[in-house]
Every structure is written in C-alpha cells, then in structure tokens.
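Presented below is the structure to which this report refers.
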Amino acid sequence: MSVSEIDEKSREIIKTKIISKMKDIKSFPQFVMETMRKLNDPESNASDVAKSLSRDEGLVLRILKLANSAAYGFTRKISNISEAISILGYKSVSNIVLAATVYSAMDKGLSGYALDRGELWRHSLMVAYTSRYLAGITGKVPTEDAYVGGLLHDIGKVILNDYVRFGYGIIVKMVEEKHIPFTDAELKVLGFDHAMIGEILVERWGMPEAYRVAVAYHHKPNELPEDKKEFQPLLDVVTVANTICLMLGIGLGADGLQAYIFPEPLERLGITNFESLLAEMIDFAANVASDMGDMTGL
C-alpha cells in the first residue's frame, strides 16, 4: 500500500467513524427550528418570530445590535425586536439565527488545517459577507442565499479535522511535491475531502439542495453535474468569495497554500477585472470587520 493512500477497508472504517462523529455536532435547538419555520411561513408576522426568539436573550441582543449597525445604515435607533425583524427582513434574520447555531461548532481550533481557535469562524463569516457582496454586484443569485452558502462552505472541516491531523504530514507533502490542491490530497490520502463530509452534514441538517451543492463543489466549480446547473451561480459566487478570502489571508490555514482562482466562475458571473475586485475587497473586509465582531460570541 502506498504511503499516500489507504486501503478501501480502512477508508470504510474511517468513514463510519466520521459519520458517527457527526452526532457530536448538535442538531438545531427546538426553538431555532420553530423560529426558522416561522421565518419561512408566509402567514407568520414579526411578532410571532419575536416571541419565538425571545427564548434566547443573547440572540435578541445580537439582532438588535446588527439592526443598528453601520451595515444596515438606519439613522434612528431600533430598540424593539419585532421592528428589527421587520426592517432586516425574514431572510436576514434567518441567516443570523443560522450563524448563531453553527458558531459553537466553528469557534474552535483545527490543528489538522493549521487554524487557530476562531479562524474557521472568521473565514466562514467573511466568505459569507463576501458572497453576499458578490451576489449584490453581479445580480446572479439572491444575496441572502449567497450568505448562507458562504457561511456553510467549510463546515466539513469540523468533522474531518482529527483525520486530517492524523495524515497531515502526508497530505502537505503531496500538496508541496505534486502541486495539487489540499482537497485533492485529502481525497487521495483519506478517501474523501472536507467538502464531501460537509455536504453530508448540511443534508443531515435538512438544508436546501442549493446549499449542499455549494458546500460539495466549492473547490471544483466546473464539475457540477448537468442536473444541478440551476445552482451554478450560487456555487460560482461562493467559490470566488472563498478564493478572495484565502488570497487576503483570512483563515488561510493549510488548505489555502494552493489557492487557485478558476477563470470560468468569473466569466459566468460577468467579472472582467479580478485584480480590481480584489482591491475593492481589501477595503470591504476592513469595513465589515466591526460587524463580524458583532457576530462573534453568538
């Protein structure tokens, strides 16, 4: 057996252990599920959502803080949670609730990916913000859908971390010697990569197929099957946003060593000057830093 690979039986054993490990990632709390249902119910109103959210005082405070942040640009202070929900919109509030739910899973050190505590969260949140920004300027995908795709794209790292750490030396050596992406090395050494594991996890959470696709293919945007082409714009936005954040050194980690910008997603999104966009994103990253701080500690 090659030192760069493991046999199929070992892969199946590891896969079984990983699926079992997914049980450590808690399902959404009951009040979160109830809130999400109300946010997706056309018959519900802001007061219904506020009543459900009121069970988590910390989350209520975060929503009020974000509603009053510079990102939303309101000139008067918003102190009523129902008003904040009405102003922000159900999609935005839903995404805030989702961010609060996944924060505890992401806010930890991942030595397998050379990420200190909080770096995965910072990277994922910045990719979410960047995805929303790209969706806004290209008009190819709803902005809040882009936000969710960006937020979840690397969730598989939480599960795969321990196994990547075990084979870290081999994986990094393959990246350096063969000049291949980290995810390709993951696949060759372990039999799967963090995108595949992330897809399983997002599916387990009952998230829409669009997000599962964005998670599964964010490192291979040109390999999307024909029957999933409707999700290509979302995938392209998340892919470009992820690459931009890696190029800016935001949550770089070990797997960012071979960051590559695919030209095809840029073309499909109508982005003709990537260098100019990258320069814009430097200022954008600085401007949203305070709002990212508001989301820390959820």
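Because the structure is a prediction, the values reported are computed rather than measured. Both backbone and side-chain heavy atoms feed into the values below; hydrogens, waters and symmetry mates do not. Counting from 1, the numbers follow the sequence of the chain as shown.
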Report task. State plainly whether the residues K91 and D145 are in salt-bridge range, i.e. N to O under 4.0 Å. Result -> yes

Query - Test item: side-chain donor near acceptor, E280 and Y133, under 3.5 Å - result: yes

Query raised in the report: Under 4.5 Å between any side-chain heavy atoms of M126 and W121, yes or no?
Result: no

Report task. Would you list the pairs meeting salt bridge (Lys or Arg N to Asp or Glu O under 4.0 Å) in which at least one residue belongs to residues 92-105, sequence neighbours left out? Result -> none

Query raised in the report: Transitively linked via ILVMFWY side-chain contacts under 4.5 Å: I271 with V127?
Result: no

Query - Side chain to side chain, N80 and L64, heavy atoms closer than 4.5 Å - result: no

Query raised in the report: Same hydrophobic cluster for L277 and L269, using side-chain heavy-atom links shorter than 4.5 Å among ILVMFWY?
Result: yes

Query raised in the report: Same cluster for M106 and Y211 if Ile/Leu/Val/Met/Phe/Trp/Tyr side chains link at under 4.5 Å?
Result: yes

Query raised in the report: Can I197 and I155 be said to form a side-chain contact (heavy atoms from CB on, under 4.5 Å), step by step?
Result: CA-CA 8 Å; I197 298 302; I155 190 66; over 6 Å; no

Query raised in the report: In terms of hydrophobic clusters joined by side-chain contacts under 4.5 Å, are L61 and L88 together?
Result: no

Report task. Could you tell me the separation between the CD1 atom of I200 and the CZ atom of R204, rounded to the nearest 0.5 Å? Result -> 11.0 Å

Check: residues 42-53 side-chain donor-acceptor pairs under 3.5 Å, at least two apart:
| unit_1 | atom_1 | unit_2 | atom_2 | d |
| --- | --- | --- | --- | --- |
| S44 | OG | K38 | O | 2.4 |
| S44 | OG | D41 | O | 2.8 |
| N45 | OD1 | S47 | N | 3.0 |
| N45 | OD1 | D48 | N | 2.8 |
| D48 | OD2 | N45 | N | 3.1 |
| S52 | OG | T35 | OG1 | 2.6 |

Query raised in the report: salt bridge (charged side-chain N to carboxylate O under 4.0 Å, His left out) with E203: which residues, sequence neighbours excluded?
Result: none

Report task. Decide yes or no for L98 and W205: does some side-chain heavy atom of the first lie under 4.5 Å from some side-chain heavy atom of the second? Result -> no

Query raised in the report: Within a strict 4.5 Å, meaning less than it, do heavy atoms of the I81 and I85 side chains meet?
Result: yes

Report summary line: Interatomic distance, CE@M247 vs CD1@I244, rounded to 0.5 Å, equals 8.5 Å

Requested in this report: Sort and list the pairs that fulfil salt bridge (Lys or Arg N to Asp or Glu O under 4.0 Å) and have at least one residue in residues 264-273, not counting sequence neighbours.
Outcome: D236-R268

Report task. Go through the side-chain N and O atoms of H194 and N161 and say whether any donor and acceptor fall under 3.5 Å apart. Result -> no

Query raised in the report: Looking at NZ of K65 and CD1 of I63, how far apart are the two atoms once the value is rounded to the nearest 0.5 Å?
Result: 13.5 Å

Query raised in the report: Can you list the residues that meet the side-chain contact (heavy atoms from CB on, under 4.5 Å) rule with K229, with sequence neighbours excluded?
Result: L224, E226, Q232

Report task. Indicate yes or no: at least one non-hydrogen side-chain atom of P265 is less than 4.5 angstrom from one of N222. Result -> yes

Query raised in the report: Does F231 belong to the same Ile/Leu/Val/Met/Phe/Trp/Tyr cluster as V141, with side-chain heavy atoms less than 4.5 Å apart forming each link?
Result: no

Query raised in the report: Can you name the residues that form a ring-ring contact (aromatic ring centres under 6.0 Å, His included) with F262, not counting sequence neighbours?
Result: Y260

Report task. Would you check if M281 and D283 make a side-chain contact, meaning some heavy-atom pair closer than 4.5 Å? Result -> no

Query raised in the report: Taking atom types as modelled and ignoring hydrogens, do the side chains of H219 and H153 form a donor-acceptor contact shorter than 3.5 angstrom?
Result: no

Query - Atom CZ of R117 with >12 non-hydrogen neighbours under 6.0 angstrom - result: no

